[in-house]
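Here's the structure we're looking at; comments come further down.
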Amino acid sequence: MFRELATCFGAAILFFGMATPQATVNARQQIPEDCRDFYFLGGHGLGEGGIANWGSTVQGVYENYVKEMNNADPDVSIDSEAIEYPRTEFPEFGPKGLLREWIASERDEVVEGAIALNKQITDRIGHCRGRERYILAGFSQGAWVIHRFLKDAPQSIVDKISGVAVLGDPQYARTGIIPKVFPGYEIKPYFPPGIRYQSLCLSYDLPAAGRAVNDPICRFSRRDFLTRGDESDLKNCEAAAKGAINTVWCPHLRYVQTGGTKRIADFLVSVS
């Protein structure tokens, strides 16, 4: 009798699958250990190098993001990498160069960046079986790269992106230097539907100038450029980037010092 019961019980185990815990373990083991809850990809600006290959502005965003996420949930796992594209300096155009840029529709390094970002995210999604969520942040040219990527990104990837943050964006809607000066490069819509994003364009009152100064990359003014000449916001930023004047004259270089990177990180935490 007991032998028959044991036989029946053994058959029931096989039939009802009481080996499920091992199956669960195997399923967990399929997700590599280097996968995270959130994976942060950042893009540098023109000429930026140094920290993590994405420059000090994106580094400021990332540090604040990690700190605030860990404060909210000590168990959350986060990792990061830089978007892989060439580092170029701001070009000094003559008349022919300006005309060439005005009629162009693509920049090679931006296209390379968009292709690289697509591959980096696609590889992570495949590697981590779709477990991760993605955070994108770009400063200046890095913002442009993100726009170019999102323009053609498949919905399957867009659905994995929790939030996007850009600072000093040359594509900034209506007032960026691209829509104002180089319309052939303009990407529309500014962000695709469904993307949760924040775009920060810095300006502040500067007593030494007796006026408000603007980031001319995302808030370009033809009037300012034509009437102030060498004292315009754009010329001041060119001089500040070369170390000829204090960076306080150039909001484009002051997102870390003014707390802009923390503001952007706050947004990214809110959508994570």
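Index from 1, following the sequence. Just the heavy atoms: all of them, side chains too, but no hydrogens, waters or symmetry mates, feed the values below.
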* Tell me, with the steps shown, if Ile178 and His147 meet side chain to side chain contact (heavy atoms under 4.5 Å, CB included). => CA-CA 12 Å; Ile178 287 176; His147 281 291; over 6 Å; no
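- At a threshold of 4.5 Å between side-chain heavy atoms, the hydrophobic network of Ile, Leu, Val, Met, Phe, Trp and Tyr places Leu202 and Phe139 in one connected group.
- Checked against the 6.0 Å centroid threshold, Trp54 and Phe40 count as a close aromatic pair.
- With a 6.0 Å cutoff to the six-membered ring centre and a 45° limit on the axis angle, Arg133 does not count as a cation-pi contact of Phe38.
- One hydrophobic cluster holds both Val271 and Leu167 under the rule that ILVMFWY side chains link at heavy-atom gaps under 4.5 Å.
- Taken from CG in Leu206 to CG in Asn236, the straight-line distance is 9.0 Å, to the nearest 0.5 Å.
- Looking at Gln171 and Glu186, their side chains never bring a donor and an acceptor atom within 3.5 Å of each other.
- The shortest side-chain heavy-atom distance between Asp37 and Arg131 falls under the 4.5 Å cut-off.
- Taken from CZ in Phe149 to CG in Leu136, the straight-line distance is 6.5 Å, to the nearest 0.5 Å.
- Contacts classified as side chain to side chain donor-acceptor pair (under 3.5 Å) and involving residues 66-75 (residues at least two apart or in different chains) are not found.
- Nearest heavy atom pair, residue Asp224 against residue Ser221, reads N-OG, 3.0 Å.
- Pairs passing the disulfide (SG to SG under 2.5 Å) check and including a residue from residues 220-272, sequence neighbours excluded, read Cys237-Cys250.
- Just one of Ile78, Thr261, Thr57, Ile135 meets the side chain to side chain contact (heavy atoms under 4.5 Å, CB included) condition when paired with Tyr62; it is Ile78.
- Ile121 and Val166 fall within the same hydrophobic cluster, where Ile, Leu, Val, Met, Phe, Trp and Tyr residues are linked whenever their side-chain heavy atoms come under 4.5 Å apart, directly or through other members.
- Remark: of the listed residues Lys235, Arg223, Arg211, Arg211 is the sole one forming a side chain to side chain contact (heavy atoms under 4.5 Å, CB included) with Arg228.
- Distance alone, capped at 3.5 Å, is enough to place a donor-acceptor pair between the Asn64 side chain and the Gly60 backbone.
- Separation of atoms CD1 (Ile217) and NZ (Lys180) is listed at 13.5 Å; rounding is to 0.5 Å.
- Enclosure of atom CD in Glu231 is not indicated, since only 12 or fewer non-hydrogen atoms of other residues, nucleotides or ligands lie within 6.0 angstrom.
- Between the CD1 atom in Ile177 and the OH atom in Tyr185 there is a gap of 12.0 Å [rounded to 0.5 Å].
- Panel note: side chain Arg148, backbone Gly113; no donor-acceptor pair is recorded below 3.5 Å.
- For Arg219 and Asp169, the salt-bridge test fails: no basic side-chain N is under 4.0 Å from an acidic carboxylate O.
- Inter-residue side-chain proximity for Val145 and Arg107 is flagged as unmet; no heavy-atom pair is nearer than 4.5 Å.
- Using a 4.5 Å heavy-atom threshold, the side chains of Ser80 and Tyr39 count as separate.
- Of all the heavy atoms in Val58 and Ala137, the pair that sits closest is CG2-O, 4.1 Å.
- Asn214 and Ser203 get closest at one heavy-atom pair: OD1-CB, 3.0 Å.
- A donor-acceptor pair shorter than 3.5 Å cannot be found between the side chains of Ser56 and Tyr255.
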* Go through Leu200 and Arg263 one step at a time and tell me if the side chain to side chain contact (heavy atoms under 4.5 Å, CB included) criterion holds. => CA-CA 9 Å; Leu200 183 58; Arg263 287 171 56 190; 3.4 Å; yes
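- Under a 3.5 Å cut-off, the side chain of Arg36 and the backbone N or O of Glu33 do form a donor-acceptor pair.
- Although no hydrogens or angles enter the test, the distance criterion places a donor-acceptor pair under 3.5 Å between the side chain of Gln120 and the main chain of Ala82.
- A salt bridge is defined here as a Lys NZ or Arg NE, NH1 or NH2 lying under 4.0 Å from an Asp or Glu carboxylate O, and Glu132 with Lys160 fails to meet this definition.
- Under the 30°/60° scheme for interplanar angles, the aromatic rings of Tyr197 and Tyr190 are found to stand perpendicular.
- Under a hydrophobic-cluster definition in which Ile, Leu, Val, Met, Phe, Trp and Tyr are linked whenever side-chain heavy atoms come within less than 4.5 Å, directly or via other members, Val248 and Ile245 are assigned to the same cluster.
- Residues Val181 and Phe220 come closest through the heavy atom pair CG2-CE2, 3.5 Å.
- Pairs of residues two or more places apart, or lying in two chains, that qualify as disulfide (SG to SG under 2.5 Å) and include a residue from residues 127-217 are Cys35-Cys128, Cys201-Cys218.
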* Go through the steps for Ile157 and Tyr134 under the test side chain to side chain contact (heavy atoms under 4.5 Å, CB included), then give the verdict. => CA-CA 9 Å; Ile157 289 181; Tyr134 299 96; over 6 Å; no
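- In summary, the side chains of His252 and Asp233 do not present any donor paired with an acceptor at a separation below 3.5 Å, with no hydrogens or angles considered.
- Taken together through direct or relayed side-chain contacts under 4.5 Å among Ile, Leu, Val, Met, Phe, Trp and Tyr, Val158 and Ile125 form part of one hydrophobic cluster.
- We find the OG-CD1 distance between Ser162 and Ile195 to be 10.0 Å, quoted to the nearest 0.5 Å.
- Distance alone, capped at 3.5 Å, is enough to place a donor-acceptor pair between the Ser270 side chain and the Phe267 backbone.
- Closest heavy-atom contact between Ala165 and Ile264: CB-CG2, 3.2 Å.
- Ion pairing of Asp215 with Arg254 is absent here, as no side-chain N (NZ or NE/NH1/NH2) approaches a carboxylate O to less than 4.0 Å.
- The backbone N or O of His44 sits less than 3.5 Å from a side-chain atom of Tyr85, completing a donor-acceptor pair.
- Two residues are said to be in side-chain contact when any heavy atoms from C-beta on lie closer than 4.5 Å; Pro32 and His127 meet this criterion.
- In this structure, CD in Glu238 is found 9.0 Å from CG in Asp230, a value given to the nearest 0.5 Å.
- A donor-acceptor pair under 3.5 Å is formed between the side chain of Ser272 and the backbone N or O of Leu268.
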